[in-house]
Amino acid sequence: MAEGIGRVVVVGAGLGGLAAGIKLKQAGAAGLTILEKASAVGGTWRQNTYPGCACDVPVALYQYSFFPGFHWSHTFPRQPEMQAYCEMMADAGLREHLHLECAATQARWDADEACWQVTDRHGTVHAADTLVVALGQLDRPKLPGIPGRDTFAGPSWHAAAWNHGIDLAGKRVGVIGSAASAVQLIPEVARQAGHLTVFQRTPNWIGPRRDQAITVEDKMLMMTDPAMVMSLAQRQRDMIFDNADTFFWQAFAWTPQGREAFAALARRHLEAQVSDPELRAKLTPAYPVGCTRFLFADDFYPALCRPECYAGDRTRSMSVTGVRREHIADGAIHDLDVLIYATGFETTGWHWSTGCDGYWRHTRLADAWADGHGGLARV
Ligand SMILES: Cc1cc2nc3c(=O)[nH]c(=O)nc-3n(C[C@H](O)[C@H](O)[C@H](O)COP(=O)(O)OP(=O)(O)OC[C@H]3O[C@@H](n4cnc5c(N)ncnc54)[C@H](O)[C@@H]3O)c2cc1C
């Protein structure tokens with residue numbers, strides 16, 4: 001058993017908490033308790049079940065190097081595969097430490113005992129020498145402040161709380177939003193709906209995803225020569241990491257060459273997929289690349305080109321009138337049966353679902369971490 005790792009409480013069993021659990025166990029933590037609010041592990045990948053939900057990072061980079069999965073069907077794994085991966089991680093020796101439906105409600109540093117006292121929602125207190133907080137950040141769906149939103153008479157929901165009970169076939173569906181979740185779900189909704197209206201506020205810079213199926217032959221190779229496959233995967237990971245690092249740094253560090261390379265990639269993608277100049281203009285961002293997240297999608301633009309799809313203008317104002325299920329944007333009235341919000345998450349303002357308090361020397365932790373959690377010397 002490694003020296004120095006005592007009892008650990010991990011709060012949250014998304015990918016972060018699961019990885020911490022596996023590594024802490026390998027390192028010989030004297031005691032390991034993982035508290036999870038939900039009834040299953042997975043975090044983001046459990047919560048988001050909208051059609052088309054997938055990882056937008058190649059799996060060679062997104063999966064953990066110490067926990068390779070061999071079940072992937074595509075370079076960019078779909079949500080059910082990601083959720084299965086999380087369950088596999090839990091099965092790798094974490095179940096006995098895992099407490100589901102057991103949200104942590106309070107973590108208090110006990111200076112006298114020099115340990116954390118973590119209280120769960122059942123009132124049980126777990127003592128820990130180390131507290132790992134893996135609560136995630138993207139779990140508070142954000143709904144826009146559209147006047148009349150609550151009066152929409154048909155079903156409506158946020159992408160992160162997908163209503164699988166409603167069949168979209170033949171329905172007039174509105175999707176508000178055109179960013180990361182929207183570019184994944186719009187092609188799926190477009191395939192099912194009778195008519196789709198996309199309400200876009202700001203177009204995004206979008207490049208090709210170039211997703212590829214992982215063939216049966218690839219999988220057989222993985223089974224028969226895992227060492228060779230892992231060494232290839234490691235090389236691929238290094239390559240993606242180096243390229244992405246250089247490439248993204250160029251764009252976000254505002255080098256003219258980096259920005260132009262990203263913008264040219266996105267412009268070529270748009271031109272190749274959208275021939276209608278009016279639609280192309282609507283989908284062309286009027287701000288420099290790098291100001292918002294650069295997206296990768298192969299089937300978003302083609303979905304917008306379908307005859308039964310209408311992409312709204314840059315929407316500045318909207319209102320909803322409940323009785324006739326109308327949605328009004330830019331002066332036009334759209335009759336809709338279903339309204340879907342792909343409007344992202346609350347990301348600003350630090351939020352912990354666990355109260356965290358106690359004193360380190362003379363500093364109150366809740367005060368020290370009021371604006372965000374950083375390191376306190378030797379805490
Ligand atoms: C739709 C969507 C798609 C995404 N796609 C990508 C992608 O393609 N690539 C990428 O890099 N990132 C992506 N992300 C970001 C993604 O959130 C991270 O990659 C990663 O999955 C986060 O893992 P996590 O464990 O930190 O947090 P989460 O997955 O959010 O897990 C946090 C866990 O903590 C639990 N919890 C919260 N409060 C408590 C409490 N008080 N007590 C106990 N448990 C609690 C939650 O129930 C949850 O299970 C995406 C996010 C979303 C929302």
Side-chain angles (χ1 to χ4, degrees), residues 9-23 33-64 67 72 74-83 85-87 89-90 94 97-107 116 118-122 124 126 128 131-142 158-162 177 179-186 188 209 211 237 240-241 244 248 293-297 340-347 350-356 373:
V9 168
V10 176
V11 184
L15 278 175
L18 293 168
I22 288 180
K23 283 294 180 184
T33 303
I34 304 175
L35 303 177
E36 168 53 53
K37 176 173 69 169
S39 57
V41 300
T44 287
W45 300 107
R46 171 193 51 74
Q47 185 183 19
N48 289 273
T49 60
Y50 59 80
C53 181
C55 188
D56 57 17
V57 173
V59 67
L61 199 60
Y62 192 76
Q63 69 175 338
Y64 288 118
F67 199 87
W72 309 115
H74 289 79
T75 320
F76 294 86
R78 311 314 196 232
Q79 175 270 336
E81 295 177 347
M82 283 310 311
Q83 178 58 17
Y85 180 70
C86 295
E87 297 286 353
M89 291 182 77
L94 296 183
H97 306 281
L98 190 58
H99 300 253
L100 297 174
E101 295 184 317
C102 196
T105 54
Q106 176 73 21
W116 288 97
V118 184
T119 308
D120 69 29
R121 77 178 181 95
H122 306 294
T124 305
H126 308 263
L131 172 66
V132 177
V133 181
L135 301 171
Q137 174 78 342
L138 299 177
D139 65 337
R140 290 175 293 154
K142 186 175 178 179
H158 189 279
W162 196 263
S181 297
V183 300
Q184 295 188 342
L185 70 86
I186 281 170
E188 301 299 323
R209 190 161 74 142
D211 191 19
R237 227 178 357 256
I240 297 170
F241 188 81
F248 279 106
R293 186 169 150 196
F294 192 89
L295 304 177
F296 295 94
I340 297 166
Y341 294 94
T343 42
F345 297 87
E346 297 285 353
T347 53
W350 194 265
H351 139 94
W352 267 16
S353 52
T354 311
C356 207
H373 292 78

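For ligands, and for the atoms within them, numbers begin at 1 and follow the listed sequence. Just so it is clear, the values below take in all heavy atoms, side chains as well, and ignore hydrogens, waters and symmetry mates.
Here Phe296 pairs with Phe294 under the ring-ring contact (aromatic ring centres under 6.0 Å, His included) rule; sequence neighbours left out. Applying the ring-ring contact (aromatic ring centres under 6.0 Å, His included) criterion to His99, with sequence neighbours excluded, gives His126.
Assignment of Val11 to the shell around ligand 1 is supported, since a heavy atom sits closer than 4.0 Å. Heavy atoms of Phe76 stay at 4.0 angstrom or farther from ligand 1.
Under 3.5 Å, the side chains of Gln83 and Glu87 contain a donor-acceptor pair of N or O atoms.
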Which is it for Asp139 and Lys37 under the side chain to side chain contact (heavy atoms under 4.5 Å, CB included) test, yes or no, and what are the steps along the way? CA-CA 12 Å; Asp139 65 337; Lys37 176 173 69 169; 4.1 Å; yes
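Atoms of ligand 1 found under 4.0 Å from any heavy atom of Gly12 (numbered from 1 in listed order, with element): 33 (C), 34 (O), 35 (C), 44 (N). Atoms of ligand 1 found under 4.0 Å from any heavy atom of Ala103, numbered from 1 in the order shown, are 42 (N), 43 (C). Of all the atoms in ligand 1, the ones that sit under 4.0 Å from a non-hydrogen atom of Leu35 are 43 (C), 44 (N).
When the heavy atoms of Phe345, Trp45, Tyr62 are ranked by distance to atom 4 (C) of ligand 1, first place goes to Trp45. Considering each of Gln106, Arg46, Glu36, Gln184, the one bringing a non-hydrogen atom nearest atom 49 (O) of ligand 1 is Glu36. The nearest non-hydrogen atom to atom 33 (C) of ligand 1, considering only Ala40, Cys86, Ala134, Gly136, comes from Ala134.
The aromatic ring centroids of Phe345 and His158 lie less than 6.0 Å from each other.
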